[in-house]
2 protein chains.
Amino acid sequence: MSREFRRAMPLLPISMVMQLTDLTARQIRYYEEHELIVPARSEGNRRMFSLDDIDALLEIRELLDQGINMAGIKKVFAMRTKDYVTNTDIVRMSDTELRAILREEMQQAQRMQKTSLRQGDLSRFFQF
Amino acid sequence: MSREFRRAMPLLPISMVMQLTDLTARQIRYYEEHELIVPARSEGNRRMFSLDDIDALLEIRELLDQGINMAGIKKVFAMRTKDYVTNTDIVRMSDTELRAILREEMQQAQRMQKTSLRQGDLSRFFQF
DNA sequence: ATTCATATGTTAGTTTTTATAACATTGAAT
DNA sequence: ATTCAATGTTATAAAAACTAACATATGAAT
């Protein structure tokens, strides 16, 4: 279980994210609207945020504080790309895309764990 | 910001804990009743769990699977002690006590951060 | 100065989640 | 058969979060 993977795990409700980032719910949702973050959703449609999301939001706040507007922030985020390794390829993609994919995988893993992986100690999963 | 400190930070709602530990809400609350965990509370009285809590719960599940009853688990938890360093002393206490204290400090830190530590990047705080 | 767009605030109404508390069930030990 | 421990279930209330709409402030452009 990679560190990147762990950081992509959707865990926190919006209230916690508000506290940790000092952003309002309105702001957080607005940034999602602009696809700067793509929080996961619970079954009941509640946003669940990962540590990656927290990072992104903190950076957004930082950039806003520097007087950069949304368009600028989008650009910054789009520019910074990372590599994602599939079975057959190494794909270069934006932070946001990468986060979304990792989160997808993470949720898959959670669903797995929910049913089959009964005996496993998650502290191995979760050793921050 | 110590790792221990980070692990004591109350972040997750009970729904996430249920998924991660494969325990029911009933069980989790019952273990709290028996003070095997002491989750923090939000302003609105919702339980907020730390990674330490997750660990504890996973261990409880483990011990239950091994046929150990609550009394036994309490004993196990009480026996395993750790050191907590205050200004003037090194205090030896149970896991549960230690977790409660660290969580207390953590919430204090959160309150601080909420008001004063405006500019700080929490990813330094949170580098799992 | 007016207009316009952006970023955020605010409010209303609804749904989901969580809380407590009480009562029910199950299995093991006496 | 009774008792107790652990957990299930249900009812009810409160809190948190959702969407959507409208309001407002600020700065840029005309």
Side-chain angles (χ1 to χ4, degrees), chain A residues 10-50 53-54 56-78 107 110 114 118, chain B residues 10-50 53-54 56-78 107 110 114 118:
Chain A
L11 295 173
L12 326 195
I14 198 169
S15 53
M16 273 302 134
V17 179
M18 291 170 65
Q19 285 191 47
L20 292 172
T21 62
D22 202 21
L23 295 167
T24 66
R26 183 68 166 93
Q27 287 177 296
I28 295 169
R29 296 192 191 112
Y30 184 70
Y31 304 148
E32 180 190 21
E33 214 173 292
H34 285 267
E35 295 178 297
L36 293 178
I37 54 172
V38 190
R41 295 294 182 124
S42 76
E43 277 195 24
N45 200 36
R46 269 79 224 286
R47 290 175 183 82
M48 299 305 307
F49 297 83
S50 68
D53 291 326
I54 303 271
L57 289 170
L58 287 169
E59 185 164 7
I60 292 170
R61 208 190 59 180
E62 188 89 13
L63 296 172
L64 285 174
D65 284 351
Q66 292 170 29
I68 299 167
N69 65 9
M70 293 294 291
I73 296 176
K74 280 187 198 179
K75 197 65 175 181
V76 170
F77 272 51
Q107 288 190 288
Q110 252 177 268
K114 205 169 176 179
R118 225 175 180 33
Chain B
L11 295 173
L12 325 197
I14 198 169
S15 52
M16 275 300 132
V17 179
M18 291 169 66
Q19 285 192 46
L20 292 172
T21 62
D22 202 23
L23 295 168
T24 66
R26 183 67 165 93
Q27 288 177 295
I28 295 168
R29 296 193 192 111
Y30 184 70
Y31 305 147
E32 179 189 19
E33 216 173 290
H34 285 266
E35 294 178 300
L36 293 178
I37 53 172
V38 190
R41 295 294 182 125
S42 74
E43 276 197 24
N45 200 35
R46 270 73 213 294
R47 291 174 182 81
M48 299 304 307
F49 297 81
S50 68
D53 291 326
I54 303 271
L57 289 169
L58 288 168
E59 185 165 7
I60 292 170
R61 209 191 58 179
E62 188 87 13
L63 295 172
L64 285 174
D65 284 351
Q66 293 170 27
I68 300 167
N69 66 7
M70 293 294 291
I73 297 176
K74 280 186 198 179
K75 197 65 174 179
V76 171
F77 272 51
Q107 290 190 285
Q110 252 178 266
K114 206 169 175 181
R118 227 176 179 28

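Each chain gets a letter, A, B and so on, in the order the sequences are listed, and its residues count up from 1. As the structure is a computational prediction, the values presented were derived from the model and not from experiment.
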> In terms of side-chain heavy atoms of B/Leu64, which of C/dT8, D/dT7, D/dT19 is nearest?
Replying inline: D/dT7

>> Tell me whether B/Arg61 contacts the main-chain N or O of B/Thr21 through its side chain, where contact means a donor paired with an acceptor under 3.5 Å.
In response: yes

> Side chain of A/Arg46, base of C/dT15: donor and acceptor closer than 3.5 Å?
Replying inline: yes

>> Is the phosphate of C/dT10 approached by A/Arg29 (side-chain N or O, under 4.0 Å from OP1 or OP2)?
In response: no

>> Any side-chain N or O of B/Ser42 below 4.0 angstrom from OP1/OP2 of D/dA15?
In response: no

>> What is the distance, to the nearest angstrom, from the CE atom on B/Met16 to the P atom on D/dA16?
In response: 17 Å

> Are side-chain heavy atoms of B/Leu36 and B/Glu32 found at a separation under 4.5 Å?
Replying inline: no

> At under 4.0 Å, does any side-chain N or O of B/Tyr30 touch on OP1 or OP2 of D/dG8?
Replying inline: no

> Can you tell me how far C1' of D/dA28 sits from CG of A/Asn69, to the nearest Å?
Replying inline: 11 Å

>> Using heavy-atom distances to pick each residue's nearest nucleotide on DNA chain C, tell me which of A/His34 and B/Asn45 is more 5'.
In response: A/His34

> Can you check the B/Met18 CE to C/dA19 P distance for me, whole Å?
Replying inline: 10 Å

> Does the side chain of A/Tyr31 reach to within under 4.5 Å of the side chain of A/Ile73, using non-hydrogen atoms?
Replying inline: no

>> Assuming nearest nucleotide by heavy-atom distance, tell me which of A/Gly44 and B/Thr24 is located more 5' along DNA chain D.
In response: B/Thr24

> In whole Å, what is the span from the CE atom of B/Met70 to the C1' atom of D/dC4?
Replying inline: 14 Å

> According to a strict under-4.0 Å criterion, is B/Arg26 in side-chain N/O contact with OP1 or OP2 of C/dA22?
Replying inline: no

>> Just the rounded figure in Å: distance from P of D/dC18 to CD1 of A/Ile28.
In response: 9 Å

> Over how many whole Å does the gap from A/Arg61 atom CZ to C/dA7 atom P extend?
Replying inline: 18 Å

> So which nucleotide from D/dA17, D/dT7, C/dT18 ends up closest to the side chain of B/Ser15?
Replying inline: C/dT18

> Please give, in whole Å, the distance from C/dT15 C1' to A/Glu43 CD?
Replying inline: 14 Å

> Between B/Met48 (CE) and C/dT17 (P), how many Å, whole number?
Replying inline: 15 Å

> Does a side-chain heavy-atom distance below 4.5 Å link A/Leu58 with A/Glu62?
Replying inline: no

> Side-chain N or O of B/Arg47 less than 4.0 angstrom from OP1 or OP2 on D/dA15?
Replying inline: no

> Are the side chains of A/Met48 and A/Leu11 in touch, meaning some heavy atoms are under 4.5 Å apart?
Replying inline: no

